[in-house]
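Have a look at the structure below, then the notes.
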Amino acid sequence: METTFINRKEHIRVVAQQLFRKNGYSATSMRNLASEIGIEPASLYSHIKAKEDILQEICFSLADEFFDSIKPIVEDSFLGTEDKLRKAIIAHIEVITKNIDASAVFFHDWRHLGEEALKRFRALRREYEDLFRSIVRQGINDDIFRKINEKFMVLTIFSAMNWTYEWYQPGMDMSYESIGNNLADVLIMGLKN
């Protein structure tokens, strides 16, 4: 089945994500990318200025997706702490499973961002982790979760969630909800008093 793209720039991004995931950002040249797309390398530069522009687009647009999926959950004052954490885990898994190639790049190749972009990306990561940390903190304060180092717990949660792209294959019998609920069951049980 052939994929239809809205425009050439989107096509470049999708192919770049696949190549970066397969070969790594550093090992993928603009020539490789142009060849895979089926255009001359010089033509590639009429759509993008540099390889890092593609990496920035992948990293920052996926960061936006993660934030857009989690913020409404964290801000929902009607949800209990356990439900918030469960829904946040499921939402995070949904973003990963809908963006497998981009997720691989996001989790591994962000280190290749230029200095300014890297600084912004690290700040976004801290801000995103803080959303999960606020849920864990609330659970501790409400005596729902046992007293535990929140940073350690949040890093454990992310470690469990972020490997999903490694084994998940689109079309699997497991939905993102099923994966998220299974992870949430284990992680929340480990947090409870």
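Between D143 and K147, the shortest heavy-atom contact is OD1-NZ, 4.1 Å. Across N182 and M174, no two heavy atoms sit closer than the pair ND2-CE, 3.9 Å. Across V74 and S134, no two heavy atoms sit closer than the pair CG1-OG, 3.9 Å. The nearest pair of heavy atoms linking I140 to R146 is CG1-O, 3.5 Å. Closest approach of V154 and E129 over heavy atoms only: CG1-O, 3.9 Å. In terms of heavy atoms, A91 sits closest to I70 at CB-CD1, 3.8 Å.
Under the 4.5 Å side-chain contact rule for hydrophobic residues, L131 and V95 share a cluster. The hydrophobic cluster containing Y165 also contains I157, counting ILVMFWY residues as joined when their side-chain heavy atoms lie under 4.5 angstrom apart, directly or transitively. There is a path of hydrophobic side-chain contacts, each under 4.5 Å, that joins W167 to M161. When hydrophobic clusters are built by joining Ile, Leu, Val, Met, Phe, Trp and Tyr residues whose side-chain heavy atoms come closer than 4.5 Å, directly or via intermediates, L155 is not grouped with L85. L79 and I135 fall into different hydrophobic clusters, where Ile, Leu, Val, Met, Phe, Trp and Tyr residues are linked whenever their side-chain heavy atoms come under 4.5 Å apart, directly or through other members.
Partner of D101 under the side-chain hydrogen bond (donor to acceptor under 3.5 Å, both in side chains) criterion, out of Q17, R21, K22: R21 alone.
Applying the side-chain hydrogen bond (donor to acceptor under 3.5 Å, both in side chains) definition to pairs two or more places apart or across chains, those involving residues 33-53 are E52-Q56.
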Exercise for the section: Decide yes or no on side-chain contact (heavy atoms from CB on, under 4.5 Å) for L33 and I54, but give the supporting numbers first. Expected result: CA-CA 11 Å; L33 182 55; I54 303 169; 3.5 Å; yes

Problem - Test log, rule side-chain contact (heavy atoms from CB on, under 4.5 Å), inputs I179 and M172 - result: CA-CA 11 Å; I179 297 165; M172 282 180 81; over 6 Å; no

Exercise for the section: Show the numbers, then the answer: is there a side-chain contact (heavy atoms from CB on, under 4.5 Å) between I37 and R8? Expected result: CA-CA 10 Å; I37 293 168; R8 177 66 83 182; 3.3 Å; yes

Handout entry: Derivation of the ring-ring contact (aromatic ring centres under 6.0 Å, His included) call for F107 and F158
Key = CA-CA 11 Å; F107 293 129; F158 278 107; 8.6 Å; no

Exercise for the section: Using the ring-ring contact (aromatic ring centres under 6.0 Å, His included) rule, take F66 and F106 through it: C-alpha gap first, then chi angles, then the decisive distance, then the call. Expected result: CA-CA 11 Å; F66 280 120; F106 181 88; 5.3 Å; yes

Exercise for the section: Walk me through it: do T164 and Y176 pass the test side-chain contact (heavy atoms from CB on, under 4.5 Å)? Expected result: CA-CA 10 Å; T164 305; Y176 71 85; over 6 Å; no

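Around atom CD of E115, no more than 12 heavy atoms belonging to other residues, nucleotides or ligands sit under 6.0 Å away. With a 6.0 Å radius and a threshold of 12 heavy atoms from other residues, nucleotides or ligands, K84 has its NZ atom above the threshold.
One N or O on the side chain of N7 and one on the backbone of E10 form a donor-acceptor pair closer than 3.5 Å. Panel note: side chain D76, backbone P72; no donor-acceptor pair is recorded below 3.5 Å. Here the side chain of D142 pairs no donor or acceptor atom with the backbone of I144 at under 3.5 angstrom.
In this structure the side chain of L118 reaches within 4.5 angstrom of the side chain of W110, judged on heavy atoms. No side-chain heavy atom of R120 sits under 4.5 Å from any side-chain heavy atom of L113. Taking the side chain as every heavy atom from C-beta outward, Y128 and H92 approach each other to under 4.5 Å. At a threshold of 4.5 Å between non-hydrogen side-chain atoms, the residues P41 and M30 do not count as touching.
Salt-bridge check for E82 with R86: failed, with every basic side-chain N at 4.0 Å or more from each acidic carboxylate O. Using a 4.0 Å cut-off between charged nitrogen and carboxylate oxygen, K119 and E116 count as a salt-bridge pair.
Between the side chains of N32 and S29, at least one donor N or O sits under 3.5 Å from an acceptor N or O.
Taking the six-membered ring wherever Trp is involved, the centroid distance between the rings of F60 and F67 does not fall below 6.0 Å.
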